[in-house]
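These notes concern the structure reproduced below.
A note on names: the letters A, B, ... follow the listed sequences, proteins ahead of strands, and every chain is numbered from 1.
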Amino acid sequence: MEIYSTLTRSKEDFKTINDNRVNLFVCGPTVYDDAHIGHGRTYISFDTIKRYLEFKGYAVFYIQNVTDIDDKIINRSKESGIPSDVLARKFEKRYREDMAKLNVNGVNLFARATDHMPEILDQIQRLIDKGFAYETEDGVYFEIDTFEEFGKLSNRNVEELESHREIAETTKKNHQDFALWKKREGVDEPTWPSPWGDGRPGWHIEDTAITEFYFGEQYDVHGGGLDLIFPHHEAEITQMEAVSGKSPMVRYWLHTGFLNVNGEKMSKSLHNFITIRELLESYEPDTFRFFVLSTHYRSPIDFSKDSLHQSERSLDRIRKYYEQLDVEVGDEDFECDALVPHKEEFFASMDDDFNTPKAIAAIFGLINDTKNDLDGFSESDKIAIKAFMDDAAHILGVSFELQDVNAGSDDLLNLISEVRSELRANKQYDLSDKIRDNLQALGYEIND
RNA sequence: GGCAAGUUUACCGAGUGGCUAGGUGUGUGGCUGCAGACCAUAAUACGGGGGUUCAAGUCCCUCACUUGCCUCCA
């Protein structure tokens, strides 16, 4: 299996640190507002990656941090009058509800920044002791001049950064130095005690404190959105490798591409900001999930109604095929000659840096090859195909079951359907078509 | 200004130098009383210009354009 790492900008063989164990960390949200469809894209991607690694037999431990103390939360708290901890818990809860609806359920541990203060303080102290960090009147900062490799992930060097930056009033030695600890600024903000006075942690330190605590100094995979490469992930590498003296902190850096809306960046000022909750008022979660997986996770993806509709139709075709597999999958494994090449392509595609669009194409290859011959297939052949389809559905995290819009009203519908059949037999098409039109308007599908 | 990712047919979207990607939509035919669904079939393609090669969407150079990051951001 090959995985693309941002650090080397190339695909690499996937080799874990400990046999079949994968320690996976993905940057979670800052919980100050509802999650949007861009979050959805990223977390669906990593959920699918986790599902596939587990399918391959790895024991994956997936941690996501939750930034529950931060400027945005404090600002929102001041605006709304809701205490910052209450606010953060509220949006964390809503985030997790949204993810559950998208069938994103692979995270083993949500680690809140505020639950890891001892680890954060300890890591900052060690950075100071080792001479990588220093205290000023308003905080504790990492001194980037002490770490030569700063910039290796984002491919930047310090000189370039300095030349295009406005120099603000600061107590820092170098304006690239980033905060590990921010001392209290006002009376109405949440603080924690520290050797450097009451305050709160900087943004980057929570992640490395958390990963060091659970995974140790080095681990397998770190993921997040493309926008986190600089400065966030760069800072993480810097802190952790400085404190441990070991490199690399992470073997594979995975970054998801951005989700744009109608070709533009999603932002509140452009009024094209769509939350997951809003989306799910109009669309089935699987439709969005299938839409996301129809593009490779590293590519930018453009959200539009039209594209979502295309995904809906595509998924529907898979479901109609799946419904024809009228067999029960048991414990016994079967082989089917017609399945083999498509199954192989599916897994080869997933092995190639989680190429889900290609894997989906393999499913359609199977469908096109076999859809007209299924009646002639033996039961064991059909079981083999269905077992594969079940695996694929599980890996992609979408259901291949035809969504039963008629559920719960079978008797009534059967009655209506019978009446309509009689009308048609008597060539009373005016009435039968009226029934059909009305049923379709209600969302029912009619197959004569 | 620096860094990064892109530009594939009507749309979405894969593509490891030679072999039909796939989906959606559209056309045509079939099935239908008609429409849909379903089945069959068809068409349209690699941003521009150079180069390497027997062979380039794929490698190299160059130009143009798009987007993102460089400030909180999935």
Is any side-chain nitrogen or oxygen of [X] closer than 4.0 Å to OP1 or OP2 of [N]?
X: K358(A); N: rU16(B); answer: no
X: T295(A); N: rG13(B); answer: yes
X: N355(A); N: rA14(B); answer: no

So among I69(A), T67(A), T114(A), which one has a side-chain contact (heavy atoms from CB on, under 4.5 Å) with P201(A)?
I69(A)
Separation between the [atom1] atoms of [N] and [M], rounded to whole Å:
N: rG68(B); M: rC59(B); atom1: C1'; value: 26 Å
N: rU66(B); M: rA55(B); atom1: C1'; value: 32 Å
N: rG22(B); M: rC60(B); atom1: C1'; value: 31 Å
N: rC63(B); M: rU20(B); atom1: C1'; value: 34 Å
N: rA43(B); M: rC38(B); atom1: C1'; value: 22 Å
N: rC65(B); M: rU26(B); atom1: P; value: 36 Å
N: rA14(B); M: rU9(B); atom1: C1'; value: 14 Å
N: rA64(B); M: rG25(B); atom1: P; value: 40 Å

Selected nucleotide, minimal atom distance to [X] side chain, candidates [options]:
X: Y4(A); options: rG15(B), rA5(B), rA74(B); result: rA5(B)
X: R420(A); options: rG13(B), rG33(B), rC69(B); result: rG33(B)
X: N372(A); options: rA40(B), rA21(B), rG33(B); result: rA40(B)
X: S299(A); options: rG33(B), rA14(B), rC12(B); result: rA14(B)

Counting distance only, does the side-chain N/O of D177(A) pair as donor-acceptor with the main-chain N or O of K172(A) below 3.5 Å?
no
Would you say the base of [N] and the side-chain of [X] have a donor-acceptor pair closer than 3.5 Å?
X: R424(A); N: rG33(B); answer: yes
X: D433(A); N: rG33(B); answer: yes
X: R436(A); N: rC34(B); answer: yes

Do F258(A) and the base of rA74(B) stack face to face, with centres under 5.5 Å apart and an angle between planes under 30°?
no
Over-ring placement of R156(A) relative to F230(A), 6.0 Å and 45° cut-offs:
yes
Validate the cation-pi geometry between R298(A) and Y4(A): distance from NZ or CZ to the six-membered ring centre under 6.0 Å, angle to the ring axis within 45°.
yes
Under 4.0 Å, counting only non-hydrogen atoms across every strand here, what does K427(A) touch: a base, just sugar-phosphate, or nothing?
nothing
Give F364(A) one of three labels, base, sugar-phosphate or nothing, depending on what nucleic acid heavy atoms sit under 4.0 Å from its own.
sugar-phosphate
In the structure shown, which nucleotide is the Watson-Crick or G-U wobble counterpart of rU53(B), with both distances under 3.5 Å?
none
Only pairs with both distances under 3.5 Å count, Watson-Crick or wobble alike; so what is the partner of rC46(B) in this structure?
none
Describe, in one word, how the ring planes of F215(A) and F61(A) are oriented to each other, choosing from parallel (under 30°), tilted (30 to 60°) and perpendicular (over 60°).
perpendicular
Ring-ring centroid check F288(A) Y283(A), cutoff 6.0 Å
no
